[in-house]
Protein chains: 2
Amino acid sequence: MDWRSVGFDWNRARAFLVTAEEGSLSAAARALGMTQPTLGRQVSALEEELGVALFEREGTRLALTPAGREMVEHVRAMGEAAANVALTASGQSQSLEGNLCITASEFFSARILAELMVGFRARHPGIQIEIVAANDVRDLRRREADIAIRNTQPTQPDLIARKLGDSTGGFYAAKSLLDRRGRPRDAAEMLALGMIGFCDNAQMVAGLNRMGYPAQDGDFVALSNSHLVQWDMVRAGLGVGVFPCLQADAAPDVERVLPEADPMRFPVWLVAHREVKSNRRVRLAFDYLAEHFPIG
Amino acid sequence: MDWRSVGFDWNRARAFLVTAEEGSLSAAARALGMTQPTLGRQVSALEEELGVALFEREGTRLALTPAGREMVEHVRAMGEAAANVALTASGQSQSLEGNLCITASEFFSARILAELMVGFRARHPGIQIEIVAANDVRDLRRREADIAIRNTQPTQPDLIARKLGDSTGGFYAAKSLLDRRGRPRDAAEMLALGMIGFCDNAQMVAGLNRMGYPAQDGDFVALSNSHLVQWDMVRAGLGVGVFPCLQADAAPDVERVLPEADPMRFPVWLVAHREVKSNRRVRLAFDYLAEHFPIG
DNA sequence: TAATCGCTATGCGTATCTGCATGGATTGGC
DNA sequence: GCCAATCCATGCAGATACGCATAGCGATTA
């Protein structure tokens, strides 16, 4: 086999890839944890090594040349393969020392994972835990996390999932608000108190409508992308929000609205990538979460 | 996008790939033009970086661990992508300075290309020419060559081919041999003179049989993997060989055997990879060869 | 059994690369 | 129109990696 064709500096290819994807040397340097001069020199060296002008230096900005656009396609394939390498590698690692990344919604991260991880750390002190609180779904294939807690059953075949149960949710408002404005007896009265939702609350409105609540966009008095901020809004008496019963019932200054209504149910899934599941640290955490995760 | 997963040292992945494929650090170092200690340290560093033992040091030899076997699959994908990067890069290079690699059979390389390239060099002095004389088919996709001259029409869709014509071939023997043993009047007499063929002459025997010559393995008195060596064998009077008419007819001390027989015809194709064809140097050489390549 | 060959591991001097600090240039906002 | 922010290019000191030389180990051979 002839290896001359792959004899160029692969790290320079990586520098080019990230620079092209991020749009600037500085951004790429931040993403890779390197400095901008280093990346700039690597990209320049790659251009010289391959004899191809990849970027057009127009003033202060870099723009891909046509050749660069062509090249980035292939380098991207290299990056995909590299991600698979890293994925498999982390799956092969059987060490109990190392880090572990778990992602969950903000609320679960703060109110459940934070406490659960205390017990896990006590059992496995060598494992450094990173919790990515994100309401959007993180890509386990790119190893943006090792373990995810999600509310939908994953469909990709290379993900391993275990259903932890159904979490119940309900409407909650501050006691002070209810004392002042009265406790609603039906959906219409609740909506009149003002709702608190997500920034893109079309999804939430649709969900409420599906459950029979005639919510409209105008019923929402405040929005936030953060569930925790929503929680503090509710506690401040700003309106009515939707929260998991298990956590919200424990708050003394907050009270369930329409307590006789059927609680919402949403499934809770524990998800890991198949490759990564073979990692000993991940397996331990996966089993620990499956055993101790509180569902209510 | 999260780039942490591709943040490992890609050059170390390359070192691992070549080491695994070549079977030893020393062989990999030779293939990559590096030294064995460097590659050894890179592989060790990769193992530490990924937290995976890739090789088992059993005495003096390296053996892939199960984890390493799993890993090499993914790293190989990286290598494939890297080869595409190099391929595209060389296609994007429009410089008239640089090298150019042409492959052809030994005979074509020596008797045709060598002379043709004199004229090409005169026109384009900046282009350094490398001729890979190889009777086996070189992989243009891996860029083992930029241009190939072959005797079959390529089937892969990403190759660009132009038929230069049909080259004729015939049986040749040394005048001295024919003077001494007499000039054959039919195939049987020719075979009795002794044939000269390739090391794996099963293919050649089959070809002769297809053309109606009752050749057998025992008719061959000498074999060589090199067509040029065969030529010198024929000139030395060792036996009868098959050669292109255009070149063999020009040799004063060699004479055609069974001159009235139909000459063999085999097509001559000029082939380049589509990506590489856009390279200016390749395009120039491709067109030059298409124009000047002698067919007889 | 001694010898040779091929492979890997390690020390050391040097060359290369990286990061830091800085300068120049452009864009966007007030 | 000026100021601030952002980005890329460059000089310089230190860290890193490389190649060379060598030693150790195992297998094959005479």
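Because only heavy atoms are used, hydrogens play no part in the values below, and waters and symmetry mates are left out as well, while side chains stay in. Chain A is the first sequence line, chain B the second, and so forth, proteins listed ahead of strands; every chain is numbered from 1.
- The interatomic distance linking A:R14 (CZ) with C:dT18 (C1') rounds to 13 Å, in whole Å.
- Remark: A:S90 engages A:R143 in a side chain to side chain donor-acceptor pair (under 3.5 Å) (not counting sequence neighbours).
- An end-to-end axis angle of 30° holds for the helix from C:dT1-D:dA30 to C:dC30-D:dG1, taken from five base pairs per end and rounded to 10°.
- Between A:L25 atom CG and D:dC8 atom C1' there is a gap of 7 Å when expressed in whole angstrom units.
- For the pair A:L223 and A:M204, the minimum side-chain heavy-atom distance is 4.5 Å or more.
- Only one option out of B:I127, B:L284, B:N279 pairs with B:L100 in a side-chain contact (heavy atoms from CB on, under 4.5 Å); it is B:I127.
- In this structure, A:N11 atom CG and D:dA17 atom P are separated by 11 Å, rounded to whole Å.
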Solution key, residues 26-41 of chain B side-chain donor-acceptor pairs under 3.5 Å, sequence neighbours excluded:
unit_1 : atom_1 : unit_2 : atom_2 : d
B:T35  : OG1    : B:T38  : OG1    : 2.9

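- Judged as a ring pair (Phe, Tyr, Trp, His ring centres under 6.0 Å), the pairs with a partner in residues 12-57 of chain A (not counting sequence neighbours) are, in order, A:F16-A:F55.
- Between B:R30 and C:dC7 there is a side-chain polar atom (N or O) within less than 4.0 angstrom of OP1 or OP2.
- Within residues 35-49 of chain B, the residues having any heavy atom closer than 4.0 Å to DNA chain D are, in order of number, B:T35, B:P37, B:T38, B:R41, B:Q42.
- At a threshold of 4.0 angstrom between heavy atoms, the contacts of B:S26 include nucleobase atoms, whether or not backbone atoms are also involved.
- In this structure, a donor-acceptor pair under 3.5 Å is present between the side chains of A:E22 and B:W3.
- Here D:dC8 presents its C1' atom at 7 Å from CG of A:L62, a figure rounded to the nearest Å.
- B:L54 and B:E47 make their closest contact through N-OE2, 2.7 Å (heavy atoms, listed as atom of the first residue, atom of the second, distance).
- The closest donor-acceptor contact from the side chain of B:E49 to the backbone of B:D9 lies under 3.5 Å.
- Place B:G33 and A:G23 on DNA chain D by their nearest nucleotides, and A:G23 ends up nearer the 5' end.
- Protein atom CZ of B:F55 is 9 Å distant from nucleotide atom P of C:dT8, rounded to whole Å.
- Checked against ring-ring contact (aromatic ring centres under 6.0 Å, His included), A:F198 has the following partners two or more places apart in sequence or in another chain: A:H227.
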